[in-house]
S.K.: 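So that we are looking at the same thing, I have put the structure below in structure tokens.
Side-chain atoms are counted along with the backbone in the values below, which use heavy atoms only and exclude waters and symmetry mates.
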Amino acid sequence: MEGSRRVFSTVFILVLLLVAIGTGPMVAEGKVATKEKSGTCESLSTKFKGFCFRSSSCADACQKEGFMGGKCPGFRLRCTCTKKC
């Protein structure tokens with residue numbers, strides 16, 4: 001029983017670590033992050049609801065908001081819209 005607790009604790013810590021690494025520096029909602037090298041800006045979608053599993057549905061929602069497209073990056077499964085800066 002004690003061995004299974006150790007395994008569970010270890011797996012839980014590893015999952016938390018992977019989530020923390022995968023999210024990276026997140027953009028606050030409504031704020032715009034700039035990628036200077038590529039010339040594109042990213043912003044979280046305000047109209048997309050739910051988890052972002054398909055980038056095509058995210059891109060459609062972003063185009064309705066006036067952006068060029070969108071994608072579903074990272075573990076948080078949030079729709080991120082893109083446009084030229």
Side-chain angles (χ1 to χ4, degrees):
M1 188 64 151
E2 187 176 325
S4 64
R5 286 185 186 177
R6 285 186 182 178
V7 170
F8 178 76
S9 297
T10 303
V11 169
F12 183 72
I13 297 290
L14 288 174
V15 168
L16 285 177
L17 182 63
L18 287 174
V19 169
I21 291 171
T23 57
M26 296 307 294
V27 177
E29 200 160 333
K31 303 285 184 180
V32 176
T34 305
K35 291 185 175 182
E36 294 177 14
K37 291 182 181 178
S38 63
T40 59
C41 295
E42 296 180 344
S43 177
L44 293 176
S45 175
T46 57
K47 299 195 183 216
F48 188 87
K49 302 294 181 202
F51 293 114
C52 186
F53 292 111
R54 292 179 51 210
S55 290
S56 61
S57 59
C58 174
D60 291 339
C62 288
Q63 287 175 352
K64 290 177 184 175
E65 292 181 43
F67 290 91
M68 290 185 346
K71 58 185 176 179
C72 305
F75 288 109
R76 294 190 64 191
L77 301 174
R78 298 180 79 185
C79 178
T80 303
C81 300
T82 57
K83 68 177 180 179
K84 291 193 180 204
C85 294

S.K.: Any chance you could measure Leu44, atom CG, to Lys47, atom NZ, to the nearest 0.5 Å?
M.R.: 15.5 Å

S.K.: Looking only at heavy atoms, what is the nearest atom pair of Phe53 and Leu77, with distance?
M.R.: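 Nearest heavy atoms, Phe53 then Leu77: CE2-CD1, 3.6 Å.
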
S.K.: How long is the gap from NZ on Lys84 to OG1 on Thr40, to the nearest 0.5 Å?
M.R.: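 So the gap between those two atoms works out to 9.5 Å.
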
S.K.: What's the separation between atom SG in Cys62 and atom CD in Glu42, rounded to the nearest 0.5 Å?
M.R.: 10.0 Å

S.K.: Identify the heavy atoms of Phe48 and Gly50 that sit nearest to each other, and give their distance.
M.R.: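 Minimum heavy-atom separation between Phe48 and Gly50: CE2-O, 3.8 Å.
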
S.K.: Find the distance between CZ (Arg78) and SG (Cys52) and round it off to the nearest 0.5 Å.
M.R.: 10.5 Å

S.K.: Could you measure the distance from the SG atom of Cys58 to the CD atom of Gln63? Nearest 0.5 Å is fine.
M.R.: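 It comes to 10.0 Å.
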
S.K.: Once rounded to the nearest 0.5 Å, what's the spacing between atom SG of Cys79 and atom NZ of Lys71?
M.R.: 11.0 Å

